[in-house]
Amino acid sequence: HINYAFGNVQGGKCTIGDSYADHEQAYTADQSVDGVADTWDQELRGNFNQLRKLKKLHPDLKVIWSFGGWSWSGGFADAAKNPAAFAESCYDLVEDPRWADVFDGIDIDWEYPNACGLTCDTSGRDAYGELLAALRAKFGTGNLITSAITADGSDGGKIDAVDYAGAAQYLDWYNPMTYDFFGAFAAQGPTAPHSPLTSYPGIPTEGFDSDAAISKLKGLGIPPEKLLLGIGFYGRGWTGVTQAEPGGTATGAAPGTYEAGIEDYKVLKDSCPVTGTVAGTAYAHCGSDWWSYDTPATIATKMEYKDQQGLGGTFFWELSGDTSDGELIKAIN
């Protein structure tokens with residue numbers, strides 16, 4: 001399955017996220033999936049057409065269109081006021097005749113219902129489930145409906161703010177985002193791995209680890225086969241760090257290619273190689289920079305955990321962070 005991210009949520013409706021990238025951009029032959037360039041007069045171009053080509057090459061591939069994400073979750077509050085109208089708008093967009101064959105379902109990445117992300121939501125404990133119920137009613141059983149959700153396993157945290165157990169009946173599976181627990185958004189530290197599998201002595205916040213989230217969600221009665229373990233294909237890092245082990249102080253975010261404090265695995269594996277492991281993940285201290293990220297070895301440990309817990313599978317964010325020969329995705333497989 002590929003999650004294509006993101007569509008936007010505006011005015012209580014699903015909308016196109018980036019029309020140029022999604023369906024307008026003309027791909028040249030060397031950029032395209034099958035080596036054939038787009039023409040000026042073809043009906044569908046952009047990423048959607050490339051996904052169509054990819055599905056022709058791999059008939060078992062499913063593509064799910066994700067809506068929201070960190071930047072575009074603010075629109076879900078309006079959507080929750082009229083779930084049926086929202087569901088209808090999403091269905092009409094995902095099943096638009098121009099690209100209906102491309103998508104096999106929809107993914108809702110609301111960060112976070114009845115809690116705070118980029119903005120704060122006060123739609124109440126049941127709004128999320130009502131939204132998903134409306135989507136299932138509209139999309140029927142022939143489409144996949146999935147959702148990326150919080151992995152905050154702390155007492156009174158984001159999992160507790162929503163009836164995720166009640167909403168599970170409407171979904172094929174949940175993607176608990178078991179990464180980004182710690183990072184240079186806390187500029188002074190303490191340094192901590194952003195995707196710990198388990199707790200460890202000195203963890204800055206109890207409940208901020210993958211096992212805490214999975215255990216909490218399973219404890220609510222969500223079937224383990226409806227839970228996927230999330231893997232980050234990137235690291236989070238600080239600079240101004242003298243201590244090699246986790247728990248050191250910092251002066252700010254380490255420089256990154258696209259944004260400070262974050263960097264792809266494919267870059268970090270060479271620029272700041274692993275110097276230690278903690279709580280089932282890896283960290284690296286190089287110069288005054290301190291990074292944490294998963295490697296093929298730590299992913300293997302997480303896959304053992306996933307199997308022991310009887311989880312439905314694994315998901316990752318996101319594909320371009322891996323090496324060109326797919327070190328991390330092979331480790332998942």
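Values below: every heavy atom of this structure, side chains too, minus hydrogens, waters and symmetry copies. Sequence positions, counted from 1, serve as the residue numbers for this chain.
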Handout entry: Polar side-chain atom of Y174 near backbone of Y164 as donor-acceptor pair, under 3.5 Å
Key = yes
Practice task
Could you walk me through whether Q188 and T249 pass the side chain to side chain contact (heavy atoms under 4.5 Å, CB included) test, one step at a time?
Solution key: CA-CA 6 Å; Q188 315 301 304; T249 57; 6.0 Å; no
Practice task
Using atom types as modelled and distance alone, determine if a side-chain donor or acceptor of S123 lies under 3.5 Å from a backbone N or O of A77.
Solution key: no
Handout entry: Flag if over 12 foreign heavy atoms under 6.0 Å of OH, Y258
Key = no
Practice task
Indicate yes or no: at least one non-hydrogen side-chain atom of F182 is less than 4.5 angstrom from one of P204.
Solution key: yes
Problem - Over all atoms of both residues, closest heavy-atom pair of N114 and A161 - result: ND2-O, 2.9 Å
Exercise for the section: Consider only side-chain N and O atoms of K302 and T314, and report whether a donor and an acceptor are under 3.5 Å apart. Expected result: no
Exercise for the section: Kindly say whether the aromatic ring centers of W317 and F6 come within a distance under 6.0 Å. Expected result: yes
Handout entry: K218 side chain vs L227 backbone, donor-acceptor pair below 3.5 Å
Key = no
Handout entry: Heavy-atom side-chain proximity of F208 to S154 below 4.5 angstrom
Key = yes
Handout entry: Heavy-atom pair of closest approach, residues I64 and F103
Key = C-CD2, 4.4 Å
Handout entry: Under 3.5 Å donor-acceptor, K81 side chain and G12 backbone
Key = no
Exercise for the section: Return yes if a side-chain donor-acceptor contact under 3.5 Å exists between Y4 and D22, otherwise no. Expected result: yes
Fill in the blank from the handout: d(W72 CH2, N8 CG) to nearest 0.5 Å is 5.0 Å
Problem - Salt-bridge present (K55, D101; N to O < 4.0 Å) - result: no
Handout entry: Closest approach of L228 to G312 (non-hydrogen atoms, all atoms of both residues)
Key = CD1-C, 4.1 Å
Practice task
Compare every heavy atom of R125 with every heavy atom of D160, then report the nearest pair and how far apart it is.
Solution key: O-NH1, 2.6 Å
Handout entry: Option passing salt bridge (charged side-chain N to carboxylate O under 4.0 Å, His left out) with R236 (candidates D294, D180, D264)
Key = D180
Practice task
Look only at the side chain of S215 and the backbone of A212, and say whether a donor-acceptor pair between them is shorter than 3.5 Å.
Solution key: no
Exercise for the section: Report yes if the side chains of W65 and W99 come closer than 4.5 Å at any heavy-atom pair, otherwise no. Expected result: yes
Fill in the blank from the handout: Closest non-hydrogen contact found for Q25 with D38 is O-OD2, 3.5 Å
Exercise for the section: For K216, look at atom NZ and say whether over 12 heavy atoms of other residues, nucleotides or ligands are found less than 6.0 Å away. Expected result: yes
Exercise for the section: Please indicate whether D155 has more than 12 foreign heavy atoms, meaning atoms of other residues, nucleotides or ligands, lying under 6.0 Å from its CG. Expected result: no
Problem - Residues T146 and D107: side-chain donor-acceptor under 3.5 angstrom - result: yes
Handout entry: D30, CG atom: more than 12 neighbouring heavy atoms under 6.0 Å
Key = yes
Problem - Candidate pair Y293 and V274, rule side chain to side chain contact (heavy atoms under 4.5 Å, CB included), full reasoning - result: CA-CA 9 Å; Y293 54 93; V274 169; 3.5 Å; yes
Handout entry: Test of ring centre spacing under 6.0 Å for Y91 and F139
Key = yes
Handout entry: Pair E263-T257, side-chain donor/acceptor within less than 3.5 Å
Key = yes
Problem - Rounded distance (nearest 0.5 Å) linking atom CG of N143 with atom SG of C90 - result: 12.0 Å
Problem - Backbone of G261 reached by a side-chain donor or acceptor of E259 within 3.5 Å - result: no
Problem - Minimum heavy-atom distance Q42-A37, with the two atoms named - result: OE1-O, 4.5 Å
Exercise for the section: Could you tell me whether Y128 and F76 have their ring centroids closer than 6.0 angstrom? Expected result: no
Practice task
Kindly indicate whether the side chain of D109, heavy atoms from C-beta on, has any atom under 4.5 Å from the side chain of N3.
Solution key: no
Practice task
Without swapping roles, check the side chain of T178 against the backbone of S210 for a donor-acceptor pair under 3.5 Å.
Solution key: no
Exercise for the section: Take N49 and Y27 through the test side-chain hydrogen bond (donor to acceptor under 3.5 Å, both in side chains) and record every step on the way to the result. Expected result: CA-CA 9 Å; N49 183 52; Y27 271 74; over 6 Å; no
Problem - D34 with R52: basic N within carboxylate O range, under 4.0 Å - result: no
Exercise for the section: Tell me whether the centres of the aromatic rings in F315 and H1 are closer together than 6.0 Å. Expected result: no
Exercise for the section: Go through D172 and R136 one step at a time and tell me if the side chain to side chain contact (heavy atoms under 4.5 Å, CB included) criterion holds. Expected result: CA-CA 10 Å; D172 289 277; R136 181 55 81 189; 2.8 Å; yes
Exercise for the section: Could you check if a side-chain atom of P193 sits within less than 4.5 angstrom of a side-chain atom of Y200, using non-hydrogen atoms only? Expected result: yes
Handout entry: Donor-acceptor under 3.5 Å (S147 side chain, I149 main chain)
Key = no
Problem - Flag side-chain contact, heavy atom, 4.5 Å: I106 against F67 - result: yes
Exercise for the section: Please test I332 against F233 for side chain to side chain contact (heavy atoms under 4.5 Å, CB included), starting from the C-alpha separation and ending with a verdict. Expected result: CA-CA 11 Å; I332 286 174; F233 277 16; 3.9 Å; yes
Handout entry: Donor-acceptor under 3.5 Å (H285 side chain, G276 main chain)
Key = no
Practice task
Verify, without hydrogens or angle tests, whether W291 (side chain) and P273 (backbone) share a donor-acceptor contact under 3.5 angstrom.
Solution key: no
Practice task
Verify the ring-centre separation between Y283 and W290: is it less than 6.0 angstrom?
Solution key: yes
